[in-house]
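Both ligands and their constituent atoms are indexed starting at 1 by order of listing. Because the structure is predicted, anything quoted here is derived from the model rather than measured.
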Amino acid sequence: MAYRLRAGLAFLLLVTLFPEAPADPLPRIRHTEPDRLSIEDLCQEIGGKLGSVSVSDCLDQELQSSGDYSLLDRPLVVKEYPPLGQKIPLGRILVLGGIHGDEYASVSVMFKWMEILNIHHSGLFHWHFLPLTNPDGLLRKKSQRQNERGVDLNRNFPTSDWEDDALEYWTTRTGRSERRYPGPFPASEPEVRGLVKEIEEFQPDIIISLHAPFGLVDHDGPPTAPTKLGNLWLSRLGIYPGSLGNYGGIDLDTAVVTVELKYAGIMPSPSQISVMWTDLVRWLLRERRK
Ligand SMILES: [Zn+2]
């Protein structure tokens with residue numbers, strides 16, 4: 001009894017001294033296989049959410065499941081454009097969208113680029129598309145940047161500086177902004193673990209990540225950056241603890257091109273979508289033929 005009392009007092013003292021001690025601050029969400037959503041379900045939701053992608057546009061892509069799931073059991077979907085015949089691709093290019101769930105255009109443009117590739121894939125590159133990397137953030141009633149339990153996935157990558165800097169940066173530099181919470185520990189989120197697995201398995205030469213709404217192109221890592229993609233010009237934003245640019249560009253020494261579209265909720269024009277794509281392919285050709 002006395003022991004219990006002492007333990008209780010010690011706990012109270014701890015809570016008083018460290019009111020924000022991060023035990024396991026996030027709600028746990030249980031996985032049960034029968035609850036997992038199919039790709040058809042996911043396409044129904046995407047078609048209901050995005051003005052520029054209909055249910056049939058989504059179904060027509062014949063997306064595959066990567067085998068990983070979001071917190072709310074939505075599949076992480078993949079589209080592969082593999083090498084063709086005897087042609088050796090000039091590189092392995094990973095393209096991902098929607099890591100921030102309220103940047104709608106970053107998902108819609110992925111679908112438009114896949115539609116271009118469906119017609120024009122020539123085996124020049126081996127492409128690996130992940131069009132919707134934060135499905136729970138996008139497909140909530142009110143879309144949000146973070147995943148279902150409030151973690152900014154683009155601050156949750158297991159970068160070498162995460163342990164030392166991520167929570168410190170969040171506290172001192174963002175004033176504990178909810179939108180930029182890096183999570184309780186590196187790769188705490190299943191969506192990030194799924195992405196890390198995709199990167200490990202696919203071994204991309206270059207990673208392209210779509211965001212909005214800064215209207216620019218950012219670049220981290222080895223090769224020369226593209227000076228422009230359509231009407232988006234190179235302007236370096238810098239890196240953050242736990243960001244994909246930091247993880248890919250610095251830790252893995254793999255180029256990461258961040259495409260920041262001009263608007264989160266307004267699509268670029270069809271001609272811009274196609275010029276951005278052409279500029280991207282031209283830059284990749286220059287880089288990979290060096
Ligand atoms: Zn973003």
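Applying salt bridge (charged side-chain N to carboxylate O under 4.0 Å, His left out) to Asp152 and the options Arg180, Arg176, Arg145, Arg179 leaves one that passes, Arg145.
The line from CG of Leu232 to OG1 of Thr258 is 12.0 Å long, rounded to the nearest 0.5 Å.
Classification of Arg193 and Asp68 as a salt-bridged pair fails, no side-chain N sitting under 4.0 Å from a carboxylate O.
As for His100, its N/O/S atom nearest the Zn ion (ligand 1) is the one called ND1. Sorting the N, O or S atoms of His211 by how far they are from the Zn ion (ligand 1) puts ND1 first.
Among the backbone and side-chain atoms of Glu103, an N, O or S atom lies under 2.8 Å from the Zn ion (ligand 1).
Donor-acceptor pairing under 3.5 Å is recorded for the side chains of Glu287 and Thr224.
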